[in-house]
Amino acid sequence: MRRFLILPVAVVVLPLLGACATNGGAPSVPAPMAETVPLPPVSADALRWRPGHWNWTGSGYAWTPGQYVPQSGAGTHWMPGHWSQSSGGQIWNPPRWVN
């Protein structure tokens, strides 16, 4: 009788364990939320739109809405946040401007 109970439990539990192993501990970044880009505010400085993005809080993702930022502080390309592998495990690379 025990043998017949072990098989259904194994069928349910083993795929769940396999899914945990393939993720590597880094949760997937959600898809960006749709945003309507407003007209830029009046400013003496040149402004650039920084899109909204998901940011890792240590326990989950929090949405940071888009906003205009000074162009002088921005790079040429927007890099979304992402997870990468390091010697110590998975690390979060926050979203940022890059040249």
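Heads up: numbering here begins at 1 and tracks the sequence.
- Atoms CD and OG1, on Q71 and T76 in that order, are 10.5 Å from each other to the nearest 0.5 Å.
- Once rounded to the nearest 0.5 Å, the distance linking CZ of R96 with CE of M79 reads 5.5 Å.
- The two residues G66 and E35 come nearest to each other via the heavy atoms N-OE2, 2.7 Å.
- Across all their heavy atoms, N93 and S84 have their closest contact at ND2-OG, 2.8 Å.
- Here W54 pairs with W63 under the ring-ring contact (aromatic ring centres under 6.0 Å, His included) rule; sequence neighbours left out.
- For the pair N55 and H53, the minimum side-chain heavy-atom distance is below 4.5 Å.
- Across all their heavy atoms, W83 and Q90 have their closest contact at CB-OE1, 3.8 Å.
- Here the side chains of S72 and D45 are not in contact, with every heavy-atom distance at 4.5 Å or above.
- Scanning both residues, I91 and S86, for their nearest heavy atoms gives CG2-OG, 3.6 Å.
- Take W97 and apply the ring-ring contact (aromatic ring centres under 6.0 Å, His included) test, not counting sequence neighbours, and it matches W78.
- Proximity of Y68 to P38: side-chain heavy atoms (C-beta onward) are separated by under 4.5 Å at one or more points.
- Applying the ring-ring contact (aromatic ring centres under 6.0 Å, His included) test to Y61 and every residue at least two apart in sequence or in another chain returns W56, W92.
- Judged by distance alone, with hydrogens and angles left aside, the side-chain atoms of H77 form no donor-acceptor pair with the main-chain N or O of G75 at under 3.5 Å.
- Between A62 and T57, the closest heavy-atom pair is CB-CG2, 3.7 Å.
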